[in-house]
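Here is the naming used below: chain letters follow the sequence lines, and residue numbers restart at 1 for every chain.
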Protein chains: 2
Amino acid sequence: MGQNDNQNAVPAIHRAIDVIEFISSAQRELSFSEIMDNVDIPRQSLIRILNTLCSRGFLDKSSQRGLYRIGLKFLYLGHGLPDKFELRTAAWKAMKALSQKTGKTIELSSLDRDQLILLEQIRGSEEMALYSRVGSVIPYLHAVSVGKVYLALMDPDKRRRVLRKIGLPAMTKHTITDMARLEKEIQETQERGFGFEDQELREGVRRVAAPVFNSDGKHVGCIGLSAAIFSFERDDLDKYGRMVREAAEKTSAELGYVSNP
Amino acid sequence: MGQNDNQNAVPAIHRAIDVIEFISSAQRELSFSEIMDNVDIPRQSLIRILNTLCSRGFLDKSSQRGLYRIGLKFLYLGHGLPDKFELRTAAWKAMKALSQKTGKTIELSSLDRDQLILLEQIRGSEEMALYSRVGSVIPYLHAVSVGKVYLALMDPDKRRRVLRKIGLPAMTKHTITDMARLEKEIQETQERGFGFEDQELREGVRRVAAPVFNSDGKHVGCIGLSAAIFSFERDDLDKYGRMVREAAEKTSAELGYVSNP
DNA sequence: TTTATAAATACCATATTTGATACTTAAGGA
DNA sequence: TCCTTAAGTATCAAATATGGTATTTATAAA
């Protein structure tokens, strides 16, 4: 199953997506030739692709003879997702309350195809340039509070499979790279009901996260709180842990979860 | 210039986008046959399109033999827009402050291809089910506070062109449908420096908006505040108007705008 | 003004994708 | 259990998109 299983795929669409992803990765407006030099598509074909994407709002051309950028239609389509099981809607109130109470950055994440994805974010008042971008994905479950929560609630088989797939690469010097240590951490996470990460993904950032369950009792996401180490001392762990648990529990209730069924 | 100007377009891409837009419009997960029945693409081709889009994360298939939905990649691409001239970043702080001070819904909008687009939103504490979705577009400049601000700052030629194109259709019984009345309203908007809308787009909703300028003095967006009529009396107009103006001015300053150059 | 460069258009033979038909697999109901 | 329906796979001739080359237009520099 390669990138383009010639029989079951549409090459033209693959190319269009290559173009979109390249432009998106550049994070700025690009000229025709910049795109041309980077995507390995013949000139004439590239023109047709760009025209088509522009005509549908998937790309925008700034001026007449101009630069290309990702189209605003992505804003619309991105916000119209069936709310990943209504999770975003259900979580909103609790997240907002938590944000106002703490002033910290509040995040809503979920697991998708064995990767953590940031679904929603309320940025804190701190001036960190450390925000992840909504929609970001992280495969390193072992290095993130949210990931630890997922690992803690996963059935052991899946946990082993996922961990074997990605290994325990170090993201910072604090990342847990030892399996025994990680297992202990996972157990702790199970016991206290929330996950903690101490600069394991990024230097200078601490984070806690607690699980949200839906009406079937399935673990569907996490509400997290992150802050710079200056404003999130290790002594604050229990306080913030309790807070995210509370927010997550409220969200679960919103989704119809009942703890003793 | 029809939908598919046979020479300058890629039909396969048009079809893929048709599929994406149909699935998005459904607002829920769809089966293969539901899609099949609605997009006028032969079975075999549709399968190839769906496979391709799924393999790139533009669509997701829930279970093995399952339902299709918009892929989470749209979240990522939607949030990675080069920030529409950094507007969202620049506006964030002022919007947040305004949100905390008032508890109302704060919105950031811009004009794109003669349509208003909602770029960012901080939802208020009120439980209105009236939120627009980020990325939504509205062509009815005459019925929205933001639109009035745009009209007020547009050069008269463009204003006439835009208004002729869409006319003055009534969205509610309060919508201004008389050109003389609208001109007076535009003038008022110019004088007081913010736009006002009194249930002209939606029954029960009032809204104010003020313009944001970039370092070139170009009008690049609006910060708005909206609320239900119960919590936004007509007497509050000046108060909220002053507040959005202040927020918009702060944002303009953030972008490097100086009032007397 | 001319020149140089980038972007977009035109044309058409050829290689590629397409889609009708037929077949396989899976799931749910009787 | 078998039957029915939905989803997906295989094949290959016909139809169509593709892309090399040459031309045109616009923008920026000389």
Check: Over how many whole Å does the gap from B:Asn51 atom CG to D:dT9 atom C1' extend?
Finding: 10 Å
Check: Salt bridge or not for A:Glu34 and A:Arg28, using N-O below 4.0 Å?
Finding: yes
Checklist line | Listed nucleotide nearest any side-chain atom of A:Pro42, set D:dA7, D:dT9, D:dG19 | finding: D:dG19
Notebook entry, point to check: Taking everything shown except A:Tyr68 itself, do over 12 heavy atoms lie less than 6.0 Å from its OH?
Noted result: yes
Notebook entry, point to check: DNA chain C: A:Leu50 or A:Ala12, which has the more 5' nearest nucleotide?
Noted result: A:Leu50
Item checked: Between C:dT5 (P) and A:Glu34 (CD): distance, integer Å -> 17 Å
Next item on the list: Consider the side chain of A:Phe32, meaning its heavy atoms from C-beta on, and name the nucleotide among D:dG8, C:dT17, C:dA7 that approaches it most closely.
Entry: C:dA7
Next item on the list: From the options C:dA7, C:dT18, D:dA7, select the nucleotide whose nearest atom is closest to the side chain of B:Arg48.
Entry: C:dT18
Margin query: As a test of reading the structure: which of C:dG19, C:dA6, D:dT18 is closest to the side chain of A:Ser33, going by heavy atoms?
Written below: C:dA6
Notebook entry, point to check: Just how far, in rounded Å, is C1' of C:dT5 from CG of A:Asp37?
Noted result: 14 Å
Checklist line | d(CE, A:Met36; P, C:dA7) in whole Å | finding: 10 Å
Notebook entry, point to check: Separation of B:Leu67 atom CG from D:dA6 atom P, in whole Å?
Noted result: 14 Å
Check: Are A:Asp114 and A:Arg161 close enough for a salt bridge, meaning some N to O gap below 4.0 Å?
Finding: yes
Next item on the list: Give a yes/no on whether any side-chain N or O of A:Tyr68 is located under 4.0 angstrom from OP1 or OP2 of C:dA6.
Entry: no
Check: Where does the angle between the aromatic ring planes of A:Phe58 and A:Phe74 fall among parallel (under 30°), tilted (30 to 60°) and perpendicular (over 60°)?
Finding: perpendicular
Next item on the list: For the side chain of B:Ser45, starting at C-beta, report the closest nucleotide among D:dT18, C:dT9, C:dG19.
Entry: C:dG19
Next item on the list: Let me know the distance between CD of B:Gln44 and C1' of D:dA14, rounded to the nearest Å.
Entry: 16 Å
Checklist line | Between P of C:dT18 and CZ of B:Arg15, the distance in whole Å | finding: 7 Å
Item checked: CG/B:Asp40: more than 12 non-hydrogen atoms of other groups inside 6.0 Å -> no
Check: How long is the line joining CD1 of B:Ile49 and C1' of C:dG19, in whole Å?
Finding: 12 Å
